[in-house]
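A quick write-up on the structure given underneath.
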Amino acid sequence: MPELPEVETTRRGIEPAVVGRAVTRVVVRDPRLRWRVPAALTKELPGRVIGAVARRGKYLLLHTATGAVILHLGMSGSLRVVRCSDPPGKYDHVDIALDSGDCLRLRDPRRFGAVLWTRDHARHRLLARLGVEPLGPEFTGDYLFRATRGRRRAIRDFLLDGSVVAGIGNIYANEALFAAGIRPTRRAGRLDRDQCLRLARAIRATLKKAIQAGGTTLRDFRNGRGEPGRFQRALRVYGRGGEACRACGRPIRALRLGQRSAFFCPRCQQ
DNA sequence: CTCCGATCCTGATGGC
DNA sequence: TGCCATCAGGATCGGA
């Protein structure tokens, strides 16, 4: 269930093996992902050279001269570089074989991920409506302040809205809110300018630290080389309901916000 | 426009 | 051990 840091970790992990290589073959063992894997991928990608591996929100892009592969890892997806001769497992649905003998392999048990082909990624419907990059220059406290005006939903849910800020998921929304001292249930529009500034800073700092730690592995996340992340040790509220707050010792509270769990410290977060 | 719930799918976990 | 319910890192879609 990769969020921005896990996707960025994946991007960095696969980049050296992929950039400058030509695709020799695409094998789709099961096309039934979030959207059906298009025949155009198998048809148009072989022979193309991958010029760059980019990330936009939680999407990965493999750029070629004639189009781009759009990848999303959904809830359970992982992307690894393996040898083409390695036998695929039950959930290894898509292989992109390279002229080096390596193979970019998508594993995704729940099949919420996506592999798409586009000739014009800038216009693609999934990418076009994405909000700003939280680690980019446009994401400031002022942006967050303006974006939250008039919004009545809980700030935790607001942060999960990819059309505002792209790439924040449930773990990092909760962690950043703890770091900013704001309760996840607080209505977005009720944050003042200073709190938005603190929250934007907390989001950037949390995501950067998580990337440095190679992401968070709660269950099945693996980087491009199959290794788990290390940020789970640094989590301060996520998944810690009932445990002592690392700052003040009070028990962390868990609650359900919408369909998903939220965690906060009743003392450190107002 | 904004918000919320349902939905896709499989596996892990915990209660009985 | 088995069965069942619940939960999981996403995000799109449809309807209120």
Side-chain angles (χ1 to χ4, degrees), chain A residues 1-10 29-37 55-60 70-79 89-94 106-116 124-131 134 146-177 184-190 203 206-207 210-211 213-223 228-235 237-242 254-263:
Chain A
M1 300 83 186
E3 306 182 31
L4 187 151
E6 291 73 42
V7 178
E8 178 61 21
T9 297
T10 299
R29 291 184 203 83
D30 191 343
R32 298 172 304 161
L33 301 183
R34 180 70 165 80
W35 295 280
R36 193 175 182 82
V37 178
R55 181 190 57 73
R56 179 80 175 90
K58 294 172 194 164
Y59 291 92
L60 282 173
I70 301 175
L71 291 149
H72 196 288
L73 301 178
M75 292 278 270
S76 59
S78 61
L79 202 54
K90 184 179 176 188
Y91 303 113
D92 291 334
H93 303 310
V94 178
L106 177 75
R107 169 174 302 186
D108 188 4
R110 291 177 73 180
R111 293 192 276 116
F112 288 171
V115 185
L116 300 168
H124 194 278
R125 64 187 186 94
L126 293 177
L127 304 176
R129 60 177 85 149
L130 281 184
R146 277 184 276 116
T148 48
R149 290 314 87 187
R151 302 299 218 91
R152 296 178 53 80
R153 61 195 321 206
I155 183 64
R156 197 287 310 264
D157 291 337
F158 184 83
L159 293 178
L160 297 183
D161 182 349
S163 67
V164 180
V165 204
I168 302 172
N170 203 23
I171 294 179
Y172 298 108
N174 279 281
E175 291 298 312
L177 285 165
T185 47
R186 191 70 169 281
R187 289 184 190 277
R190 304 276 318 277
I203 288 168
T206 304
L207 294 177
I211 292 169
T216 300
T217 297
L218 295 181
R219 180 165 292 136
D220 47 18
F221 171 71
R222 294 285 147 54
N223 69 17
R230 299 180 310 279
F231 196 70
Q232 58 278 12
R233 293 183 305 131
L235 296 178
V237 287
Y238 188 87
R240 299 191 67 243
L255 51 85
R256 286 194 85 71
L257 207 50
Q259 310 298 87
R260 326 183 62 180
S261 48
F263 302 91

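Chain A is the first sequence line, chain B the second, and so forth, proteins listed ahead of strands; every chain is numbered from 1.
- Within 4.0 Å (heavy atoms only), A:Ile171 reaches sugar-phosphate atoms of the nucleic acid but no base atom.
- To the nearest angstrom, C1' of B:dC8 lies 9 Å from CZ of A:Arg110.
- Using a 4.0 Å heavy-atom criterion, one finds that A:Gly74 contacts the sugar-phosphate atoms exclusively.
- Residue A:Thr217 comes nearest to A:Gly229 through the heavy atom pair OG1-N, 2.6 Å, listed as atom of the first residue, atom of the second, then distance.
- Stacking here means ring centres nearer than 5.5 Å and ring planes tilted less than 30 degrees, and by that measure A:Phe112 stacks onto B:dC8.
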- request: Spell out protein contact along nucleotides 11-16 of chain C as letters: B when the base is contacted, S when just the sugar-phosphate is, - when no protein heavy atom is under 4.0 Å; keep the 5' to 3' order.
  value: SBS---
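- Rounding to the nearest 0.5 Å places OG1 of A:Thr148 at 5.5 Å from CZ of A:Phe158.
- In DNA chain B, the stems built from three or more successive Watson-Crick or G-U pairs (distances below 3.5 Å) are B:2-8 with C:10-16, B:10-16 with C:2-8.
- Applying the salt bridge (charged side-chain N to carboxylate O under 4.0 Å, His left out) criterion to A:Asp157, with sequence neighbours excluded, gives no partner residue.
- Partners of A:Arg107 according to the side chain to side chain donor-acceptor pair (under 3.5 Å) rule, which considers only residues two or more places apart in sequence or in another chain, are A:Asp92.
- The side chain of A:Gln259 sits closest to B:dG5 out of C:dG10, B:dG5, B:dT10.
- The distance between atom CG of A:Asp157 and atom P of B:dC4, rounded to the nearest whole Å, is 7 Å.
- In this structure, the CZ atom of A:Arg151 is 9 Å from the C1' atom of B:dC1, given to the nearest Å.
- Proximity of A:Ser76 to the phosphate of C:dG9: no side-chain N or O atom is located under 4.0 Å from OP1 or OP2.
- Computed from coordinates, the A:Arg156 CZ to B:dC3 C1' distance equals 14 Å when rounded to whole Å.
- Heavy-atom minimum distance, A:Gly214 versus A:Thr9: C-OG1, 3.4 Å.
- Residue A:Arg186 holds its CZ atom at 10.5 Å from CG of A:Leu177, rounded to the nearest 0.5 Å.
- Among the nucleotides B:dT2, C:dG9, B:dC4, the one closest to any side-chain atom of A:Tyr238 is C:dG9.
- Rounded to whole angstrom, the span from the CD atom of A:Gln232 across to the P atom of C:dA8 amounts to 18 Å.
- Taking atom CZ of A:Arg36 as the reference point, atom P of B:dC9 lies 13 Å away to the nearest angstrom.
- Residue-to-nucleotide proximity on DNA chain B shows that, of A:Arg219 and A:Arg111, the 5′-proximal contact is made by A:Arg111.
- If you check every strand for non-hydrogen atoms under 4.0 Å, A:Asp161 touches nothing.
- Under the side chain to side chain donor-acceptor pair (under 3.5 Å) criterion, A:Arg32 pairs with A:Asp30, not counting sequence neighbours.
- Here C:dG10 presents its C1' atom at 9 Å from CD of A:Glu3, a figure rounded to the nearest Å.
- Only one option out of A:Asn223, A:Thr216, A:Ile171 pairs with A:Glu6 in a side chain to side chain contact (heavy atoms under 4.5 Å, CB included); it is A:Thr216.
- Not counting sequence neighbours, the partners of A:Arg146 by the salt bridge (charged side-chain N to carboxylate O under 4.0 Å, His left out) test are A:Asp142.
- One interatomic measurement links the two molecules: CZ of A:Arg152 to C1' of B:dC1, which rounds to 14 Å at whole-angstrom precision.
- In this structure, A:Arg32 does not reach the B:dC9 phosphate: none of its side-chain N or O atoms is under 4.0 Å from OP1 or OP2.
- The aromatic rings of A:His72 and A:Tyr59 lie perpendicular to each other, with more than 60° between the two planes, well past the 30° mark.
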